[in-house]
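Order of appearance sets the numbers: ligands from 1, and atoms from 1 within every ligand. Only a predicted model underlies this, so the values are computations on that prediction, with no experimental measurement involved.
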Amino acid sequence: MSASEPCPDAAGGGSGAAGAAAAFARFGLRRVVNAADTYTLLGGGALPAEVRAAMADAAAHHVDVAELLAATGKHLAALTHNEAALVVNGAAAGLALSVAACIAGADPAAVDRTPAHRTDRRRVVLLRCQRNPYDRAVAQAGAEVVEVGYGDATHPWQIAAELGPRTAAVVYFAGTQFERYALPLEQVVDLAHEAGVPVIVDAAAQLPPVENLWHYTGLGADLALFSGGKGLRGPQSSGLVLGRRDLVDTGRAHAYPNHAIGRTMKTSKENVLGLVAAVERALRLDWDAERARWEAQVDRVLAAVGAVPGIRAWREPTGRLGQAYPRAFFAWDGPAAAPAAELARRLADGDPAIHIGHGERGPRTAYVNPFTLDDPGELDVLLDRLVPALAGLDGGGAR
Ligand SMILES: *Cc1c(COP(=O)(O)O)cnc(C)c1O
């Protein structure tokens, strides 16, 4: 396709799979079938046609970026039942910008000095049981990280003891894995607000359900952050900051297009309009029909892998972090059998590269996640490779 021709997929037709395969095949890259998750390493997800169309429209014109962010923020706030909204380039950027806002405020000199702004009030509380690779965005904004609680328990007094005039914010990570040993968000909000400290919720992957766009702020969180490129199925380099107007506006001062910490977190006009289209789509989507489609895919996987001797197969009702979609799990026994990590690597090393999930329920358990399998043909490709690979596990066939 020449550069001057319109992209047929962006115009609204087709599944996009063939076009995408051609776009990457040019560079000798294998097709990827993603049955694992909306992993950044796999490019997030395949974007729905209306998102691609919105991005293509935005690409054709100039716009005043500050005005674009203000206007789309107002629209997204209304759509998501929040006071205010700001499109950023991802949830991680949203976390850095939110923390910067809570530490430095909107004073131009303090914004300019961030992340080296040395106010007394720059401590940010994280729960030890929630530490994860994304929390470096907190330190990136110039915070002094204060870790509270134990690895396997958090007591209210442990949080309360660290709240005071030097605390800029509490950051809380939403999701079943993160919340297992944490206090419930409502309780953290009560403790923090008693001390006059705002709570930032990183809810990057907490969708579906779409109602989560207002759930966490409804529970009292001052800000909630979402990835655009995960459950929303928007552009990979997009994200949402939602919540209190004063804090969102302060975050705006630190964000692109201003010459501030957010300048290295630039998001494009294409990403902004792509994310708007993704949110609009998520709000009008028939999620029951989506659920039925996922359940049917899970049924197919369970029937196919469950028929392999020695394989136990079952359905889990939720995603890795508690999201509202089902997954097809399967497990096998025997010390001589290959572990799931090896099966996954073998499938990922093939052509097409097939990615399945593993690592959650023991060494010989894996799963297929239908959320990232759009095209029904992808499931055929996956099962054609997965079933024989499972059948060969026993005799060390995967070795
Ligand atoms: C994925 C993820 C992020 C990062 O989101 P991006 O939109 O890729 O920046 C942050 N926090 C958590 C908990 C995540 O799962």
Aromatic Y367 / basic R327 pairing, under 6.0 angstrom, 45° off normal: yes

Under a 4.0 Å N-O cut-off, is there an ion pair linking R346 with E342? no

Using 4.0 Å as the upper bound for N to carboxylate O, is an ion pair formed by R233 and D374? yes

Once you restrict both partners to nitrogen or oxygen, which atoms of ligand 1 have a protein partner under 3.5 Å, and how far apart are they?
unit_1, atom_1, unit_2, atom_2, d
ligand 1, 5 (O), S227, OG, 2.9
ligand 1, 7 (O), A91, N, 2.8
ligand 1, 7 (O), S227, OG, 2.6
ligand 1, 9 (O), A91, N, 3.1
ligand 1, 9 (O), A92, N, 2.9
ligand 1, 11 (N), D202, OD1, 3.2
ligand 1, 11 (N), D202, OD2, 2.7
ligand 1, 15 (O), K230, NZ, 2.8

Determine, for F329 and R361, whether the Lys NZ or Arg CZ falls below 6.0 Å from the six-membered ring centre while staying within 45 degrees of the axis. yes

Parallel, tilted or perpendicular: which one describes the rings of Y150 and H155, with boundaries at 30° and 60°? perpendicular

For D37 and H355, what are the C-alpha separation, side-chain angles and deciding distance, and is it a side chain to side chain donor-acceptor pair (under 3.5 Å)? CA-CA 9 Å; D37 212 334; H355 291 263; over 6 Å; no

